[in-house]
Each structure stands twice: as structure tokens, then as C-alpha cells.
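All remarks here apply to the structure that follows.
Basis for what follows: all heavy atoms, side chains included, without hydrogens, waters or symmetry-related copies. So that the names make sense, note that chain A is the first sequence line, chain B the second, and so on, each numbered from 1.
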Amino acid sequence: MSEPDNTILRLPDQSTARVPKKNFITAEDGLLSWLLTGDHKRIAMLYLISITVFFFIGGAFAGLIRLELLTPQPDLVASDTYNKFFTMHGVIMVFLFLVPSVPATLGNFLMPIMLGARDLAFPKINLLSWYLYVVGGIMVLTTMVLGGVDTGWTFTTPLSTHYLNTHVVTTGLAVFVAGFSSIFTGLNFIVTIHRMRCPGMTWFRMPLFVWSHYAASILMVLGTPVLAIAIVLVMLERLFGIGVFDPTKGGDPLLFQHLFWFYSHPAVYIMILPGMGVISEVISTFSRKRVFGYTAVAFSSVAIALFGFFVWEHHMFIMGVSNYSALVFSLLTMLVAVPSAIKIFNWSFTLQQGSITFETPMLYAFGFMGLFTIGGLTGVYLGSLGMDIHLTETYFIVAHFHFVMVGGMLMAFLAGVHFWWPKMTGRMYPETLSKMAAVITFIGFNLTFLPQFILGYLGMPRRYHAYPPEFQILNVLSTAGATVLGIGYMLPILYLAWSLKYGPVAGDNPWQATGLEWQIQSPPLTENFTEIPIMDHEAYDYDWLEHKTKPEVTTVG
Amino acid sequence: MGISPVLWQFLIKWLTNSALFPPEASTVAPWMDSLYFFLLGMTVTGVVLVGAIVTTFSLRYRRSVHPVATQIEGSTLLEATWTIIPLGIFLVAFVWGALLYFRIYNPPVNSMNVYIVGKQWMWKAEHPGGQHEINALHVPTGQPIQLTMISQDVFHSFSIPAFRIKREVIPGRYSTVWFEATTPGEYHLFCTQYCGTNHSQMIGTITVLSPDDYKKWTEESTSGMSLAQNGERLFASMGCNACHSGNAAARGPSLAGVYGSTLQLTNGSQVQVNDAYLRDAILNPSEHVTAGYAPIMPTYQGQISEDGLIDLVEYLKTLDSNYRVQQTLTTSEADQAAHPASGAVKP
């Protein structure tokens, strides 16, 4: 059978192919078997469903925000309601979608398999982390039902402690609980990577996906407790007036922001690093090449994690911090931008001399590279002290972090979901429709957020319910883009759901990829491997794969 | 053809009234914009470069043209290149940005001081001559203006995009920023830090006037009392002069000429007396006891508004003798005549 030139997708003969009867999904029946499972793959599926639900709730709030901003007048909802919209959008998207998105779903599913292990080090803690996530999520939904919260996702004191009478404590508690879910995930990953690698799996044979999760896990374990402390202090201040953030009692209102950003800046790396791992896997697979400069990419992840802890004050350059400390933090911010630049160029040069095909995951990965480059470079504007004065707290910031978080992370997440969907479910999604969705998402995204850079330079402040009329045309463009983007996100949920029953059977390794996860059946068995594999080659070794598959090809012949 | 005339008119109106670039109305704005264009150049170059590399490789090495990949480990030389060149560019952005930052946040010595008090959800501006404005600020061209700002409640942020300046307005602490306006006109004032329900209504108009027009404006809109005069009145009515009388036997230190001096405190530290110190010493006196005096001053936390504190500070700035302090103490009625308080009559 001759292969088509434009794809590496190789599906088994559909007339005879069947999804294996025995796999982790069919292993046990009944709701309880899911709710009490210790299987990392089932927990990953639970996470996937729950974060998708929260993504669409958060997305609905984004839609409402854009609808309100269609006109300069505050005419759709009351100001308090608008403030609740952007707060809920931020809280849900950051804490309930972006932080767990790749690590808790794809990472959870794939990490043990990539390391040649049967499960994570602590399966029960893994399940506990999902329950904590759900409890946190339900608490957020509860605040929504009870009337919402309007602090903004940053909980800035003294607004959150003394001036608002919405459900700050409940939301804070929700974030606190969800934070522990992320600490447990990080802890589990670190121990698994250290202790559970199969024979022959040295550190530098691990896929880059694992490296980036390792870096993100360090951030989760070391950063999240600081957020928990900050949140507890806000709650104590609000309930008992302990005064740490209250200047009239000798407290310092700025202290909260130091604590908050000490977590929340590393948190953006918690969000983006696992996405970078996905991109490394996808680009390598669809160009049939080892990632250019494997060690540089691996170490740049660790470098981002380390530097990431020492840049938090760049969120506070205009807040009256010492000019000289601002200088230090600005310099460190410039340094943390370099590893990201290295990664972008390494991925670009992975394509060189490759044999490239353009399936859906690859399209999303290209989208990621373009948007993340813009998102990363606009970060340099904000790290540059003087420029930050004009741009901070405007729509420029909004555009910048949406380019990184949505243009970068969400693109990577979708690339990963499409890439590993056949592995997770045993079925392929419709290829043409999914390519269309990738293109629509890319166009919609740019239309939504490029105008916001211009708005930002014009000075339009973020979190504004009403704005001067001369800003309208750019806001209309942005809202139009958001509509397109909404369609781009609705499509995958529809066709992926469809593919669960009607998609073509994927077979073990539809993409001809090298990772250990592709050498086992799809969907995998509960125990992943019938016998623990021995890693006798580098990651991304396409020669090894070819020699391995040759005998099979000749027998099928 | 095709497009309806109504829609067409609508589009024209819309496009002509839309802004794509903010006006440059301060001395610092052109500096900010040149850094912006440098960074924009960097972004466009970066994106075009990555785009070009990816597109070229995608065309040259697509599977139909290049069916078998050639494995490449990496290249230290290339990797060093794309580590060092971006690092160099980022360092230029760092130095350039730092220079601009120090320029914007270090006011020149000859600047005129205007006080700004932020509260949910309005801006109050107080000129030294006693002009009060709400959600508005009138400033002359060609004169550096320093804003000394404080918030009465939550964090606010004072932003004038046309001047390219912004500074957080913090509860319990003075923050400053300065600018020199260049072009007369009206510009937006925004609160850019989310501050509660009517955050987006906490806006105002900056009116830049020529020096002559500004002079005319100050004369027309004065309240008759300068900030220092208000402060003197407050000083007397709060009974501050009972202790801070300047007598040798007084229970409090003399305040004449205290502004700008260096004080030795009982806790052993030395402080430079500025606006922030005076404010803290009034609100939290037990932490700021001048050496040689007993910690007997009560706190005035909650008893004086931020505006009142500004008046007091302005008064103390102008106080260079204790003559008038003692006068108000001995004569039962405070002299509230509108002539300047600062040493008009020397003992």
C-alpha cells in the first residue's frame, strides 16, 4: 500500500480494525469505578471533563464582557455585574482551567506511560487532587449562585479586605483548596519522575514533555503555598481585622501584592511550561526529527522555572517600590525572556531537514509559535521599566497575557488534545473539520486581541465597564473576533464528542511517533504495559522506530 | 455600489472619530514613543523572522518534497547565536527603559507641586494656591509639575495617556510622579487600578493651558485660602500650638524650619523630614519621637482627613519662625486674614 505524501497518519484497515476490548475505559463499569479509581488515565479523563466544563463557563463570561464592551456606554449590565463577570472569568480561567489544563489532563495521562511506569507514585493522592479541584470548583460555582464576587482575580487589598461585601471569603477558600490540588499534582509528578523511570530511562532520554512538567511541578510545589498564605491572610484580615495589610494598623497594603505575585508570576510558567512540552512532542513527530538541541530545550525549561521565582516585582513597577529594586527585577525579567526565545528558535530549526506534514496538532503548534512569539516579545515591553509605566494596567497587559495564555497555552492544549486523542480514546477525529477549527481559532484570536494592543497604547484601562467613544471601533473589532474565536472553540467539543462513537479506529500509533505511549495499545490497558519496557534509545529516535516497525510491515506486506 | 449609504456614512463617522495613536502632550511622550517604536521594531522583526524560518522550512522540507528526514543533533554555534542576540536586544530594552523610568519618577527640583487625593470614585486635586478641583486638573505648559498623591481608601492609579505617565495612588503613603506638558488641550485622566463598583467612572479631564491662561485660571478659581493658610487654621484648631509652641519649655519640638532638616529620633535613627515623614509623625507619633522629648503626643489617626494632612504639611513647609504660632496662642482668636502665612512679619 503506497502512502500518501501529505500525511503521516496511518490508520489500520477500518473493515477489520476494532478498538481493543480490554482497556482502561472498559476495565471496570459503573460510576463508582470512576469516582474511586486510582488509575492515572481515568483521573486524567475526570480532569479533562471537569476543566472543559469550567472552560466553557469562563468562556461564557468572556463573551458577556466582550458583548458589554461593544458600545462605549455601560448599557448591558450594571457596573457591579460587569465587575463580577471579569472576576469570575479570571478566577475560573486561571485557577480552574489554565493551571490544571495540560498537567492534570495530558500530563496525568501520559507522564507515567512516557516514563515506562504503571502509574504515578501516589495514585490516591492523585485522586485526592481531583476531589480538591472539584470542591474548589463547586465553591466557585456556589459563590456565583449566591451573587458572585467582584475583587478581580488578583484579590487586591484593601479593596478585597475592607471595601467589598461580596463573597470574597468563599472564593478565597475555593482558590485555597484548588491550590492544594495543584500542589499534590506537582508533588506526585516530581516523585514519579525521580523514582519511577523504567530501566534505561536516563534523565536525558526523557521526552521534553516530561522535562517541562518537571519544571512546572517545582513551581507548583514551591509557589502555591505562598498563594495559600496570601489568601489566608486576606481572609483573616477580612474576618478578624488582623491588620497586616491595613496601613492604619501599621500594616502594608503592598505586602499582599508581593505575596500574591510571588505565586502568580511563577503561575504563568506553571501554565505555559507544560504547553511547551506538548509543542516539543508535536513538532518532533510531524517533522520526523529529534528536537533541535534537546539539552538546550530541557535546560531552558528549568531555567524558566528558576528565574521565574525572581521576577514577581515586575507586576508592581508603578506601585512606589524602590527604583533600584525595580532595576534588579527588570534585569531579571529580561533574562527570563531568553530561554523562551531559545525554545522558539529550537522548535523552528527542528523543522530544518525534516519531512514535514501538516495535520491538526501541527497547525495548532504553528499557531502557538506565532502567537507565543508575539506574547513573549510584548512581555519585554512590560519588563522595560519606562515602557511599563505607560502600558501597565491597560489593555496592552490584557492583550499580552491573552497572547501567552490563550494564544500560547490554549493552542498548545488543543494541539495536545488532538495529538493524543487517538491514544486516549482509540478513535480519530474528523481531520478536515479539525483543521478548519484550528484555522478559525487562529484568525479569531488575532482579531480579538491584536486591537487590544492598540487600545492599550491609547491608554484604555483594563477592567473598564465604560470607555471613551473614540475607542469604540477597536472594541467592536475585538468583540467580532471573540465571536469567531467562540466558534473555533465550540467546533472541537462537537467533533471530538462525535468521534468517541463514530471516529475511525486509530490503532496503536497513527502518527508513527516514537514515544513509549505510542508503542502500546490505544486506549491503553489499566496497567499501561504488560511488561515494564526497557528504554534502549534516545527520545525522538525515528531510526529506532523504523527498525522496530519493519518486521511488522513485512509480515502485513 | 453594494454598500448601503447609511452604513457608509456610519463607517466614515466612525473611522474619522477613532484614535489609533495617542497625542504626545508632554516632554516625556516623544521619548516613550521612540522606545515603543524600537520595541515594535523588535517584535515585527522577531515575528517575521520566526514566520519566515517556519514557512521556508515548511515549504522546503515538506514530506512531498523531502520524504526522508535527516537527523540533526543541534548546533552550539546556532544556539549561542539565538541566545546572545535576543539577550543583547533585551538588554538594550532594559537600559533604555530604566533611563526613562528614572526620568519619569525623579522630579526636577524646580517643579511645582500639586496634591492629588484619590477616593472611591473621584480625584481631588489641590493646588498650592488653594484651587480645588474634582476630576479635573489644570496645568500650564512649560513648567514641570510634580504630583504628590495619596489615596483615602483603596489602591487607585493616576494615568494620563497623552503624557505617557502613570503612578499608583496608595492608601497611607505618598507617591509622586511628574510631567511637563507641552501642548495646550484637553486630555483623558483615567484611574487604571481596579477600585470597585464605579472604577470606570473615576475619570477626568486634564486641561493644559498656556502659562498666561493658567495664570488667569488660578486667579479666577482660587478659594481665597492657600493650602498653607488652611493648614495654619487647622494647626490652631487642633491645638497643635499648645505643645509645638517653639518655647524653650514646650512639651513638643519646635516645628519652625523642620521641613527638609534631619532629625535625631529617640529610637536612635536619623530621618530626613519630608512630606511622608510629617504625615506619619502626625498619624503615628509614638513611632516618630524626636530625641529629647517624651512620647506624649496622641495619634491623630481618623481625626484628620488626607486633605487636612496635606494642608498641615504645606503649612509646616512654609513655617520658618514660631512668631505666628505664639501669636495665635496668646491672642484668643486666630488671625485668619488672607495674607501669606510664611514669615510676612519677622520677629
Check: A/Thr333 and B/Phe90 side chains under 4.5 Å, non-hydrogen atoms: no
**Prompt:** Tell me, do A/Thr392 and B/Lys166 make a side-chain contact under 4.5 Å, heavy atoms counted?
**Reply:** yes
**OP:** Answer yes or no: is there a side-chain heavy-atom contact under 4.5 Å between A/Glu393 and B/Ser159?
**Re:** no
Applying a strict 4.5 Å limit to non-hydrogen atoms, the region of B/Arg60 in contact with chain A is neither
The interface call for B/Gln193 against chain A, heavy-atom contacts under 4.5 Å, is both
### Message
In the structure I gave you, are the side-chain heavy atoms of B/His188 and A/Glu470 within less than 4.5 Å of one another anywhere?
### Response
yes
Looking only at heavy atoms, the pair that brings A/Asn83 and B/Gly196 closest together is ND2-O, 3.5 Å
Chain A shares the most heavy-atom pairs under 4.5 Å, among B/Tyr36, B/Phe102, B/Trp31, with B/Tyr36
Counting heavy-atom pairs under 4.5 angstrom with chain B, the leader among A/Thr157, A/Leu455, A/Thr378 is A/Thr157
So for atom OH, which belongs to A/Tyr324, do other residues, nucleotides or ligands contribute more than 12 heavy atoms lying within a distance under 6.0 Å? no
- Query: For B/Ser200 and A/Tyr82, does a side-chain donor sit closer than 3.5 Å to a side-chain acceptor?
  - Reply: no
Counting heavy-atom pairs under 4.5 angstrom with chain B, the leader among A/Glu538, A/His465, A/Arg290 is A/Arg290
Using the rule given for side-chain contact (heavy atoms from CB on, under 4.5 Å), can you reason through A/Met334 versus B/Leu87, listing the C-alpha separation, both sets of side-chain angles and the distance that settles it, and then say yes or no?
CA-CA 8 Å; A/Met334 295 303 172; B/Leu87 180 65; 5.9 Å; no
Taking every heavy atom of B/Glu79 against every heavy atom of A/Gly293, the minimum-distance pair comes out as OE2-CA, 3.2 Å
Max heavy-atom pairs within cutoff under 4.5 Å with chain A, candidates B/Gln71, B/Gln120, B/Glu287, B/Arg62, goes to B/Gln71
Rounded to the nearest 0.5 Å, the OG1 atom of B/Thr192 sits from the CG atom of A/Leu391 at a distance of 11.5 Å
| Do A/Asn6 and B/Ser64 come within less than 4.5 Å of each other through their side chains, counting heavy atoms only? | no
Note: B/Ser75 and A/Phe292 closest approach over all heavy atoms is N-CZ, 3.5 Å
One option among A/Ile454, A/Asp388, A/Asn346, A/Thr350 has the most heavy-atom pairs under 4.5 Å with chain B, and it is A/Asn346
If one checks every heavy atom of A/Ala78 against chain B at 4.5 Å, the contacting part turns out to be neither
Among A/Met319, A/Met460, A/His162, A/Met316, the residue with the most heavy-atom pairs under 4.5 Å to chain B is A/Met319
Applying a strict 4.5 Å limit to non-hydrogen atoms, the region of A/Leu474 in contact with chain B is side chain
| query | What about the rings of A/Tyr163 and B/Trp121, do their centers lie closer together than 6.0 Å? | reply | no
When A/Gln352, A/Lys289, A/Arg288 are each screened for side chain to side chain contact (heavy atoms under 4.5 Å, CB included) with B/Tyr61, the one that passes is A/Gln352
- Message: Between A/Ser384 and B/Trp96, is there a side-chain heavy-atom distance shorter than 4.5 Å?
- Response: no
Only one of A/Phe155, A/Tyr464, A/Phe86, A/Trp153 passes ring pair (Phe, Tyr, Trp, His ring centres under 6.0 Å) with B/Tyr194, and that residue is A/Phe86
In terms of heavy-atom contacts, A/Pro247 and B/Gly172 come closest through CB-CA, 4.2 Å
Whatever's closer than 4.5 Å to a heavy atom in chain A on B/Leu78 counts as side chain
Under 4.5 Å to a heavy atom of chain A? For B/Cys191 that would be both
When the 4.5 angstrom heavy-atom criterion is applied to A/Thr81 and chain B, the contacting part is neither
* Sub-4.5 Å side-chain heavy-atom contact between A/Leu331 and B/Leu91 -> yes
Most contact-rich option vs chain B, by heavy-atom pairs under 4.5 angstrom, among A/Ser79, A/Pro158, A/Pro451, is A/Pro158
Distance col, row A/Leu164:CG vs B/Thr197:OG1, nearest 0.5 angstrom, shows 7.0 Å
Most heavy-atom pairs under 4.5 Å with chain B, out of A/Thr295, A/Leu335, A/Val476, belong to A/Val476
* Using modelled atom types only, decide if a donor and an acceptor are shared between the side chain of B/Tyr101 and the backbone of A/Leu327 within a distance under 3.5 Å. => no
Output for pair (B/Phe190 CZ, A/Tyr467 OH), nearest 0.5 Å, gives 12.0 Å
Among B/Pro23, B/Ala98, B/Ser58, the residue with the most heavy-atom pairs under 4.5 Å to chain A is B/Ser58
Heavy-atom closest pair (B/Arg63 atom, A/Ile8 atom, distance to 0.1 Å) is NH1-CG2, 3.4 Å
Between B/Met42 and A/Leu377 the two heavy atoms that sit nearest each other are CE-O, 3.7 Å
Discussion item. Ring-plane angle category for A/Phe349 and B/Trp82, please: parallel below 30°, perpendicular beyond 60°, tilted otherwise.
Written reply: tilted
So, the part of B/Asp33 with a heavy atom under 4.5 Å from chain A: the answer is both
Between A/Ser355 (side chain) and B/Ala69 (backbone), is there a donor-acceptor pair under 3.5 Å?
no
In this structure, CG of A/Asn323 is separated from CD1 of B/Ile104 (nearest 0.5 Å) by 11.0 Å
Quiz item: Is the backbone N or O of B/Phe94 less than 3.5 Å from a side-chain atom of A/Ser330, with the two atoms forming a donor-acceptor pair by type?
Solution: no
From the list B/Val169, B/Val154, B/Leu100, the residue making the most non-hydrogen contacts under 4.5 Å with chain A is B/Val154
So OG1 of B/Thr43 and CD1 of A/Ile374: to nearest 0.5 Å the spacing works out to 8.5 Å
Exercise. Could you tell me whether the side chain of A/Met369 reaches within less than 4.5 Å of the side chain of B/Val54, counting heavy atoms only?
Key: yes
Greatest number of non-hydrogen atom pairs under 4.5 angstrom with chain A, of B/Val44, B/Val65, B/Ile203, B/Ile72, falls to B/Ile72
Interatomic distance, CG@A/Leu159 vs CG@B/Asp153, rounded to 0.5 Å, equals 9.0 Å
Residue from B/Leu40, B/Ile53, B/Thr70 scoring the most non-hydrogen pairs under 4.5 Å with chain A is B/Thr70
* Asked: Hey, does the side chain of A/Tyr381 reach the backbone of B/Leu39 with a donor-acceptor pair shorter than 3.5 angstrom?
  -> yes
